[in-house]
There are 2 protein chains.
Amino acid sequence: MNKTRKEIPVNTLERMVKYRRILDNYAADGKTIIYSHEMAKLAGNTPSQMRRDLMSCGCAGSTRAGYNVQEMQTNIKSVLGYSETKQTILVGVGNLGKAILSYFSFRVPRVQVVAAFDVMPHRIDRVISGTRCHDIKEMETIIKEQSVTLGIITVPREEAQALADRLVAAGIVGILNFAPVTLDLPDHVYVENMDITMKIEKIAFYSGEK
Amino acid sequence: MNKTRKEIPVNTLERMVKYRRILDNYAADGKTIIYSHEMAKLAGNTPSQMRRDLMSCGCAGSTRAGYNVQEMQTNIKSVLGYSETKQTILVGVGNLGKAILSYFSFRVPRVQVVAAFDVMPHRIDRVISGTRCHDIKEMETIIKEQSVTLGIITVPREEAQALADRLVAAGIVGILNFAPVTLDLPDHVYVENMDITMKIEKIAFYSGEK
DNA sequence: CGTGTTCTGTGAAAAGTTTCACAAAATGGC
DNA sequence: GCCATTTTGTGAAACTTTTCACAGAACACG
């Protein structure tokens with residue numbers, strides 16, 4: 001799509017989101033410059049990795065004077081594509097779904113959750129953290145009407161694949177999947193899995209070994 | 001700790017958890033052997049990566065006859081350390097905390113959530129998915145009494161660092177952090193962050209580009 | 001205006017991970 | 001029992017990511 005984008009290493013991109021957050025807080029304190037070692041401390045990595053990452057997004061610091069916070073913010077936001085907003089829906093308004101709705105309502109700039117869906121009658125037509133929950137029957141209609149491109153799946157495992165198929169058929173091209181299954185979808189759909197189980201097992205594995 | 005463990009690449013380890021899940025389902029269908037390409041299909045990766053990963057955990061297949069499912073299950077469980085159970089607590093019983101409690105109550109074999117904690121009086125002494133929520137004042141006591149080593153943080157961002165410090169002071173050595181901050185903790189503590197924001201921004205970035 | 005110090009930017013090495021490609025083994029059909 | 005086929009196991013190549021190490025720029029201070 002954009003030349004610059006393609007060149008950014010995946011891992012760097014993941015960290016970039018974190019950097020944006022750090023810089024927002026840092027700037028809120030009225031600070032205007034920051035050194036790579038300060039940022040590394042805040043981000044939990046090394047100064048030299050910070051500098052590489054900043055290079056990737058076209059941030060130039062100046063020797064001895066560090067990096068200009070505002071310029072970095074602008075660059076990072078431009079790299080992450082903050083100029084365009086992506087319409088998003090969430091399906092499955094259980095505890096997890098609700099938690100995520102409250103998360104997104106005020107924290108993710110470029111992603112707008114336009115609607116939520118569920119099958120349970122008692123959830124339908126309620127508004128959670130500013131997002132209305134609709135009957136899942138209306139899903140395809142709303143996706144089309146509002147040009148929704150991203151979907152968040154927070155339904156039980158058994159229902160995830162069928163739901164994902166429906167989302168893709170309706171035109172969704174990016175999915176955040178919280179169900180513990182591997183979704184089998186066409187190549188043009190970008191899927192990320194949030195595997196809570198995996199993370200906790202990883203901690204169980206590595207903790208107490210250092 | 002264990003010689004075999006150290007040699008397993010991090011990424012392979014992450015996938016191992018997924019493999020366990022896949023094999024559990026696969027075995028439940030009464031199947032006893034599986035080929036690397038079948039498993040790759042189920043796991044969403046390539047046959048050759050599968051074979052490498054299986055090598056790392058000491059699984060040997062036999063030419064033309066594939067891998068023995070039960071043997072793989074045993075090996076993976078032994079690599080992941082399923083013989084010992086780790087005591088875990090969760091702090092912050094909001095929507096996210098509740099969602100995670102229901103997740104863990106029946107899905108993660110080696111990790112046992114022994115207690116939850118919150119500050120809100122209306123949450124205290126309630127039982128969520130089999131786990132009792134206690135007053136956070138009792139936290140240190142329960143950690144010590146029950147030899148808890150892992151902690152899951154699902155409190156608001158502002159409270160996360162102070163909470164993490166308390167957990168570490170009480171003896172916790174592994175933390176799963178859902179708050180969108182970088183925790184600053186001693187080296188001996190293993191921390192994993194679940195950064196929901198990051199994942200959705202990543203999807204927004206990559207989707208629609210393939 | 002010169003010297004010492006503290007930064008950045010970056011080539012190059014190192015470390016980590018995935019993919020390729022093919023030999024060797026096992027199976028089934030004939 | 002032999003040939004064609006399928007599948008594993010694995011060296012080696014390719015690729016990705018991190019770390020090292022240091023030249024050069026900028027500033028502070030005398």
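Chain letters run A, B, ... following the sequence lines, proteins first, then strands; residues in each count from 1.
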| request: Let me know the distance between CE of B/M55 and P of C/dT17, rounded to the nearest Å. | output: 15 Å

| message | Evaluate A/Q49 against A/D53 for side-chain hydrogen bond (donor to acceptor under 3.5 Å, both in side chains), listing each step before the verdict. | response | CA-CA 6 Å; A/Q49 185 172 66; A/D53 285 347; 5.2 Å; no

| request: Answer yes if the side chains of A/D24 and A/Q73 hold a donor-acceptor pair under 3.5 Å, and no otherwise. | output: yes

| query | Taking C-beta and beyond as the side chain, do A/Y26 and A/M39 meet within less than 4.5 Å on heavy atoms? | reply | no

| query | Do you know which two heavy atoms are closest between B/P180 and B/R157, and how far apart they sit? | reply | O-CD, 3.7 Å

| Rounded to whole angstroms, how far apart are CG on B/L54 and C1' on C/dT18? | 15 Å

| message | Atom CD of residue position A/E138 - does it have more than 12 heavy atoms of other residues, nucleotides or ligands inside 6.0 Å? | response | yes

| query | Can you tell me how far the CG atom of B/N11 sits from the CZ atom of B/R52, to the nearest 0.5 Å? | reply | 14.0 Å

| request: Measure from CZ on B/R52 to P on C/dT19 and round the result to the nearest Å. | output: 11 Å

| task | Report the distance from atom CD of B/E14 to atom NZ of A/K202, rounding to the nearest 0.5 Å. | result | 3.5 Å

| request: Calculate the interatomic distance between A/Y35 atom OH and C/dT8 atom P; express it in whole Å. | output: 8 Å

| request: Take the protein atom CG of B/D53 and the nucleotide atom P of C/dT19, then report the distance between them rounded to whole Å. | output: 10 Å

| For every nucleotide of nucleotides 22-30 of chain C, 5' to 3': is a protein heavy atom under 4.0 Å from its base (B), only from its sugar-phosphate (S), or from neither (-)? | --BBBB---

| query | Can you tell me how far the CG atom of B/L80 sits from the SG atom of B/C57, to the nearest 0.5 Å? | reply | 8.5 Å

| field | Atom-to-atom span, CG of B/N11 to C1' of C/dT18 - whole angstrom | value | 10 Å

| said: Need two values: the first and the last nucleotide of DNA chain D, 5' to 3', having an atom under 4.0 Å from any heavy-atom of chain B. | reply: D/dT5 to D/dA12

| remark: Distance col, row A/M198:CE vs B/K18:NZ, nearest 0.5 angstrom, shows 8.5 Å

| query | Just checking A/T12: base, sugar-phosphate only, or nothing, at a heavy-atom cut-off of under 4.0 Å? | reply | nothing

| Roughly, in whole Å, what's the span from CD in B/Q49 to C1' in C/dG16? | 13 Å

| task | Let me know the distance between CD1 of A/I34 and C1' of C/dC7, rounded to the nearest Å. | result | 14 Å

